[in-house]
Every structure is written in structure tokens, then in C-alpha cells.
A.B. asks: 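Have a look at the structure that comes next, please.
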Amino acid sequence: MKKTISIFALSVLPAFALAAGTHAGGHGTASHGMHGHDMSSMSHASSPVGQPGDPAKVTRTIEVTMDDAMRFTPSDIEVKAGETVRFFIKNTGKIPHEMVIGSVAELKEHAAMMQKMPGMKHAEPNMITVNPGQKGGLVWQFPQTGTVDFACLLPGHMEAGMIGKVTVG
Ligand SMILES: [Cu+2]
């Protein structure tokens, strides 16, 4: 019986390693496809940080300012579990900034990738890039209580303090 289990584990492991490698390496449509696939085979059907919200269900607009002091204002935001909010984001600086929603671990991983590929253009449903003097909106639904983080992942920005959190109560 014990032998059967270890053989099973050995046959499963390489598949996991491959999936992880593909996810970390790919950034774009490939990793999106992988993600969609992972969700069906793993238990978390929806991400704890939430997902892009339905604009028709927005209950509140929260204004956030981004600036060249590498700050989000406010950087502490409170929402209710289940709430769909529109972040109305203004860049008052002279360089582009972005707001990317995720867990700290995801954001750090993503930031590290950005450091390696500084010229990389990235656009995903959980983020918005706002050019100097511009405004933009991001609709997000927060499904469960906890803490969701957000940051600007342009190289050096998060490290300089461009990070904030949403407390979902
Ligand atoms: Cu920034």
C-alpha cells in the first residue's frame, strides 16, 4: 500500500512542476490560459483577492491618487465583502504609474518579472496603467473578508513605497 502511494506521488509531481514553471515563465495569454485551466482542477474556483467586477453592480466609487512621491492616496481602503467598487484613479505625477490588484506574494513575483523586463508592456484585468495627468477606472469585486493588496509594479515603485491595501470586512 505504501509503495503504491509513493509511485502515485512520483507520477504526479512532474506535472505540478511543469505547471508552475509555465506559469512563472509565461506572462500574457499563455499564463492566462494556464490559470483558467488550474482553476478547474484546483479547489479555488474564485480568487480570494477578487475579480474584475460588473460595472452595472458598482455600489461605490473610490478615488485614488498616484504621484511621483511613489504613493497611493489613500493607501488604506475599506470595502465590504461582496462589494463591487470602481477605483477612479488619477495620476498627478509626471511619469506613468499603475495600480495592480493582488496578494503581496503575487505582486512581488510580478514586480520581479518587471525588473527583468523593464520595457515589458503588460495589461491584465487586475490592473490599470495611467499616464501622467490622466485618469482611469478599474472595477473590482471583492468576494470575501480579508486583506487585498495593490501596488505600482513599475520598476522600483513598489520598493519605494507605492503599495496599499484594501481591508475587506
Ligand atoms: Cu508608480
Side-chain angles (χ1 to χ4, degrees), residues 20 22-36 38 44 46-55 57-81 83-169:
T22 306
H23 180 67
H27 183 258
T29 50
S31 77
H32 271 291
M34 212 58 212
H35 232 96
D38 283 351
H44 56 279
S46 69
S47 167
V49 304
Q51 53 270 320
D54 177 356
K57 291 183 180 151
V58 169
T59 52
R60 201 147 57 94
T61 295
I62 299 171
E63 289 191 21
V64 179
T65 302
M66 308 192 289
D67 62 49
D68 294 349
M70 306 301 172
R71 291 292 179 275
F72 288 103
T73 309
S75 59
D76 267 296
I77 294 169
E78 287 186 18
V79 304
K80 292 192 186 72
E83 197 173 15
T84 299
V85 300
R86 171 181 280 111
F87 292 104
F88 185 63
I89 304 145
K90 278 189 255 185
N91 180 356
T92 60
K94 293 191 161 42
I95 58 171
H97 291 289
E98 59 188 30
M99 181 179 183
V100 187
I101 298 173
S103 66
V104 162
E106 286 166 353
L107 294 171
K108 285 192 173 156
E109 187 186 330
H110 197 149
M113 207 185 314
M114 296 281 291
Q115 296 276 16
K116 283 183 212 150
M117 294 171 268
M120 184 174 76
K121 288 268 194 295
H122 65 156
E124 295 186 35
N126 65 327
M127 63 167 288
I128 182 168
T129 302
V130 185
N131 285 322
Q134 300 297 303
K135 298 163 186 169
L138 182 61
V139 176
W140 198 255
Q141 200 254 342
F142 295 91
Q144 63 187 56
T145 56
T147 302
V148 177
D149 304 284
F150 59 91
C152 174
L153 300 185
L154 293 172
H157 291 210
M158 179 169 72
E159 293 78 359
M162 206 159 180
I163 187 163
K165 72 171 197 288
V166 179
T167 304
V168 189

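As the structure lists them, so they are numbered: ligands from 1, and atoms in each ligand from 1. Predicted model, so just to flag it, every value in this text is computed and none were measured.
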A.B. asks: Determine which of the N, O or S atoms in His97 is closest to the Cu ion (ligand 1) and give its atom name.
C.D. replies: ND1

A.B. asks: Which label fits Phe87 and Phe150: parallel for a plane angle under 30°, tilted from 30 to 60°, or perpendicular past 60°?
C.D. replies: tilted

A.B. asks: Would His97 and Asp67 count as a side chain to side chain donor-acceptor pair (under 3.5 Å) here? Give the steps.
C.D. replies: CA-CA 8 Å; His97 291 289; Asp67 62 49; over 6 Å; no

A.B. asks: Is it true that some N/O/S atom of Met70, main chain or side chain, lies under 2.8 Å from the Cu ion (ligand 1)?
C.D. replies: no

A.B. asks: Donor-acceptor pair, distance only, cut-off 3.5 Å: does the side chain of Glu98 make one with the backbone of Leu153?
C.D. replies: yes

A.B. asks: Determine whether a donor-acceptor pair (N or O, by modelled atom type, separation under 3.5 Å) exists between the side chain of Thr92 and the backbone of Met66.
C.D. replies: yes

A.B. asks: Can you tell me the N, O or S atom of His157 that's nearest the Cu ion (ligand 1)?
C.D. replies: ND1

